[in-house]
*Asks:* 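Okay, handing you the structure first.
These values consider heavy atoms only, across backbone and side chains, with no hydrogens, waters or symmetry-generated copies. Remember, it's a predicted structure, so these values are computed and weren't measured experimentally.
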Amino acid sequence: MWSRRIALGAVLLSLAFVAFLILRDGPVGRAPAERAAAVPRTPVTAPRPHIVSRAVWHADESLVREKPHYTGAARAVFIHHTGHGNRYDCDDAPEMLRSVQSDHVGAEGWDDIGYNFVVDRCGTIYEGRAGGVTRPVRGAHTKGFNTDTVGIAALGTFDAGTPVPRPMLDAIAKVAAWKLAPGIDPRGSVRLVSTNDESLFDKGEAAMLHVVSGHRDSYETDCPGDALYGKLPALREQTAALRKAATGRADAATAASAASARAAVH
């Protein structure tokens, strides 16, 4: 009789101890509103595409003169072309990139390759300037407007009448859709302030530019060539569609905010 009572008492004591631990160390309950507020908002952007790293294309890290500089999240992208011939074998793209890096550092006097990303005619995306593809690295791609922007270069020359490969266009749109900050409408405009008198805008002057712009929109140049420049309206739509497909909503700026930004320039 006593052995059964002792056994029962031991069981009850164990259960009480477990209950004490649960009450002491268990998660604190939250109201539904508190739980919702504790969950970070999912960024409105597109998935990261596959990117060939600098290590894989054998960037010459000994050429890099300074550590990377970082800015805010990308509010615009600038599209460029590199000036190469267009009939290259895509397997030769890494060698071409090393040539671009050498030219940008040796001839231009820059710290590294200027573009944040380079895309070849087969649609392969390469990491350009060092600093980490997921971070807002300040490039050297668009004088006066390297802050809070991304430079994407098409490997080739795209003057009037030159076909622009579909895989290249698709890759550019993927990078733009991924890198643009949440809430930015790729089809819209953005107010940027020039930091260099050598651009089309005096230093300190505000400019209203397309979120997806060509290099020529801010600098005296033919870049990215008439053929690629003519594709920018379609690229803006494609970039917006990629973001909407990934998030279920478009990053559309309201007419009021767009009008306000335009008024601030004048």
*Asks:* Got a sec, which residues hit salt bridge (charged side-chain N to carboxylate O under 4.0 Å, His left out) with Asp170, two or more places apart in sequence or on another chain?
*Replies:* Arg166
*Asks:* For Arg75 and Val190, work out which heavy atoms get closest and say how close.
*Replies:*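 Taking Arg75 first and Val190 second, the nearest heavy atoms are NH2-CG2, 3.4 Å.
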*Asks:* List the steps and the verdict of side-chain contact (heavy atoms from CB on, under 4.5 Å) for Val118 and Val100.
*Replies:* CA-CA 10 Å; Val118 180; Val100 173; over 6 Å; no
*Asks:* So, do Asp159 and His81 sit near enough that their side-chain heavy atoms are less than 4.5 Å apart?
*Replies:* yes
*Asks:* Partners of Pro165 by side-chain contact (heavy atoms from CB on, under 4.5 Å), sequence neighbours excluded?
*Replies:* Arg121, Phe158, Pro167, Met168
*Asks:* Who else is in the cluster with Val105 when I, L, V, M, F, W and Y are joined by side-chain contacts under 4.5 Å?
*Replies:*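 Joined to Val105, directly or through intermediates: Leu63.
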*Asks:* Would Leu242 end up clustered with Ile79 when hydrophobic side chains under 4.5 Å apart are linked, directly or stepwise?
*Replies:* no
*Asks:* Main chain of Gly114, side chain of His104: is a donor-acceptor contact present, judged purely on distance under 3.5 Å?
*Replies:* yes
*Asks:* With distance as the sole test, does Ser218 use its side chain to make a donor-acceptor pair with the main-chain N or O of Thr142 at under 3.5 Å?
*Replies:* no
*Asks:* Applying the 4.5 Å side-chain criterion to the ILVMFWY set and letting contacts propagate, would Leu97 and Val137 be lumped into a single cluster?
*Replies:*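 Leu97 and Val137: separate clusters.
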*Asks:* After noting the C-alpha distance and the side-chain angles of Phe78 and Leu209, does the key distance pass the side-chain contact (heavy atoms from CB on, under 4.5 Å) rule?
*Replies:* CA-CA 10 Å; Phe78 286 96; Leu209 298 168; 3.9 Å; yes
*Asks:* Does one hydrophobic cluster hold both Val211 and Phe201, with members joined at side-chain heavy-atom distances below 4.5 Å?
*Replies:* yes
*Asks:* Check Ala46 against Ala246 and note the closest heavy-atom contact, atom names and distance.
*Replies:*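 Shortest heavy-atom contact: CA-CB, 3.9 Å.
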*Asks:* Would you check if the side chain of Trp178 reaches a backbone N or O of Thr134 as a donor-acceptor pair within less than 3.5 Å?
*Replies:* no
*Asks:* If you count heavy atoms of other groups shown closer than 6.0 angstrom to CD of Glu95, is the number above 12?
*Replies:*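 No, CD of Glu95 has 12 or fewer neighbouring heavy atoms, counting only those of other groups under 6.0 Å.
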*Asks:* Would you please name every residue forming a side-chain contact (heavy atoms from CB on, under 4.5 Å) with Thr82, sequence neighbours left out?
*Replies:*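 Counting only residues at least two positions away or on another chain, Thr82 forms a side-chain contact (heavy atoms from CB on, under 4.5 Å) with His84, Tyr115, Ala153, Leu155.
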*Asks:* Check salt bridge (charged side-chain N to carboxylate O under 4.0 Å, His left out) between Lys231 and all other residues, then give those that pass, not counting sequence neighbours.
*Replies:* none
*Asks:* Set out, in order, the CA-CA distance, both residues' side-chain angles and the distance that settles side-chain contact (heavy atoms from CB on, under 4.5 Å) for His141 and Asn146, then state yes or no.
*Replies:* CA-CA 7 Å; His141 50 84; Asn146 289 314; 3.6 Å; yes
*Asks:* Is the shortest heavy-atom distance from the side chain of Thr149 to the side chain of Val77 under 4.5 Å?
*Replies:* no
*Asks:* Can you list everything that forms a salt bridge (charged side-chain N to carboxylate O under 4.0 Å, His left out) with Asp120? Sequence neighbours excluded, please.
*Replies:* none
*Asks:* Tell me yes or no: between the side chains of Ser199 and Ser194, is some donor less than 3.5 Å from an acceptor?
*Replies:* yes
*Asks:* Got a second to check how far Ile184's CD1 is from Lys179's NZ, nearest 0.5 Å?
*Replies:*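 It comes to 13.5 Å.
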*Asks:* Determine, step by step, whether Ile51 and Phe117 satisfy the side-chain contact (heavy atoms from CB on, under 4.5 Å) criterion, reporting the C-alpha distance in whole Å, the side-chain angles of both residues, the deciding distance to 0.1 Å, and the verdict.
*Replies:* CA-CA 9 Å; Ile51 300 167; Phe117 299 92; 3.8 Å; yes
*Asks:* Going by the salt bridge (Lys or Arg N to Asp or Glu O under 4.0 Å) test, which pairs reach into residues 201-218, not counting sequence neighbours?
*Replies:*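 As it turns out, the salt bridge (Lys or Arg N to Asp or Glu O under 4.0 Å) pairs with a partner in residues 201-218, which skip direct neighbours, are Arg216-Asp226.
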*Asks:* State whether Asp148 and Arg138 are salt-bridged, where the test is any N-O pair (Lys NZ or Arg NE/NH1/NH2 against Asp/Glu carboxylate O) under 4.0 Å.
*Replies:*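 Salt bridge absent between Asp148 and Arg138.
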*Asks:* For Val193, which fellow cluster members are found when Ile, Leu, Val, Met, Phe, Trp and Tyr are connected by side-chain heavy-atom distances below 4.5 angstrom, either directly or through intermediates?
*Replies:* none
*Asks:* Answer yes or no: is there a donor N or O on one side and an acceptor on the other, between the side chain of Tyr229 and the main chain of Ala160, under 3.5 Å?
*Replies:* no
*Asks:* For residues Leu180 and Arg243, determine if any side-chain heavy atom of one lies less than 4.5 Å from a side-chain heavy atom of the other.
*Replies:*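 When only atoms from C-beta onward are counted, Arg243 and Leu180 do touch, with a gap below 4.5 Å.
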*Asks:* Looking only at non-hydrogen atoms, find the nearest pair between His210 and Ala76 and report the distance.
*Replies:* O-CB, 4.4 Å
*Asks:* Keeping to residues at least two apart or across chains, list the salt bridge (Lys or Arg N to Asp or Glu O under 4.0 Å) pairs with something in residues 232-241.
*Replies:*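 As it turns out, there is no salt bridge (Lys or Arg N to Asp or Glu O under 4.0 Å) pair with a partner in residues 232-241 once direct neighbours are skipped.
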*Asks:* Quick check against the 3.5 Å criterion: does Asn116 have a side-chain atom that pairs as donor or acceptor with the backbone of Gly151?
*Replies:* yes
*Asks:* According to disulfide bond (SG atoms under 2.5 Å apart), does anything in residues 135-234 pair up with another residue at least two apart or in another chain? List the pairs.
*Replies:*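 Disulfide bond (SG atoms under 2.5 Å apart) check on residues 135-234 returns no pairs.
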*Asks:* Which heavy atom of Arg135 sits nearest to which heavy atom of Tyr70, and what is that distance?
*Replies:* NH1-OH, 3.3 Å
*Asks:* Quick one: pull up CH2 in Trp110 and CZ in Arg129 and give me the separation to the nearest 0.5 Å.
*Replies:*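 Trp110 CH2 to Arg129 CZ: 8.5 Å, rounded to 0.5 Å.
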*Asks:* Any idea which heavy atoms bring Asn86 and Gly156 closest together, and the distance?
*Replies:* OD1-CA, 3.1 Å
*Asks:* Do you know which two heavy atoms are closest between Asp112 and Ala130, and how far apart they sit?
*Replies:*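 In this case the closest contact between Asp112 and Ala130 is OD2-N, 3.0 Å.
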*Asks:* Which pairs pass salt bridge (Lys or Arg N to Asp or Glu O under 4.0 Å) with one or both residues in residues 55-74, sequence neighbours excluded?
*Replies:*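 Every pair satisfying salt bridge (Lys or Arg N to Asp or Glu O under 4.0 Å) with a residue in residues 55-74: Arg54-Glu61.
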*Asks:* For the OG1 atom of Thr195 and the CG atom of Leu192, what is their distance to the nearest 0.5 Å?
*Replies:*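 Taking OG1 in Thr195 and CG in Leu192, the distance rounds to 10.0 Å.
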*Asks:* Less than 4.5 Å apart, any side-chain heavy atom of Ile125 and any of Val52?
*Replies:*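 A side-chain contact is absent here, since even the closest heavy-atom pair is not under 4.5 Å.
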*Asks:* Under the rule for ring-ring contact (aromatic ring centres under 6.0 Å, His included), what residues qualify as partners of Tyr219, not counting sequence neighbours?
*Replies:* His215
*Asks:* Kindly compute the distance separating CD (Glu127) from CD1 (Ile113), expressed to the nearest 0.5 Å.
*Replies:*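 Answer rounded to 0.5 Å: 10.0 Å.
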*Asks:* Out of curiosity, Ile152 CD1 to Lys174 NZ, how far, rounded to the nearest 0.5 Å?
*Replies:* 13.0 Å
*Asks:* Tell me, do Val64 and Gln101 make a side-chain contact under 4.5 Å, heavy atoms counted?
*Replies:* yes
*Asks:* Under a 4.5 Å cut-off applied to non-hydrogen side-chain atoms, are Thr124 and His50 in contact?
*Replies:* no
*Asks:* Would you confirm whether Ser53, through its side chain, and Val56, through its main-chain N or O, come within 3.5 Å as a donor-acceptor pair?
*Replies:* yes
*Asks:* Any heavy-atom pair between the side chains of Thr157 and Thr162 that's under 4.5 Å?
*Replies:* no
*Asks:* Within the structure provided, determine whether Leu169 and Leu235 are in side-chain contact (heavy-atom separation under 4.5 Å).
*Replies:*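 They are in side-chain contact.
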*Asks:* Between Ser102 (side chain) and Arg98 (backbone), is there a donor-acceptor pair under 3.5 Å?
*Replies:* no
*Asks:* With a 6.0 Å cut-off (strictly less than), is the heavy-atom count around CG of Asp222, excluding the residue itself, greater than 12?
*Replies:*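 Incorrect, the count does not exceed 12.
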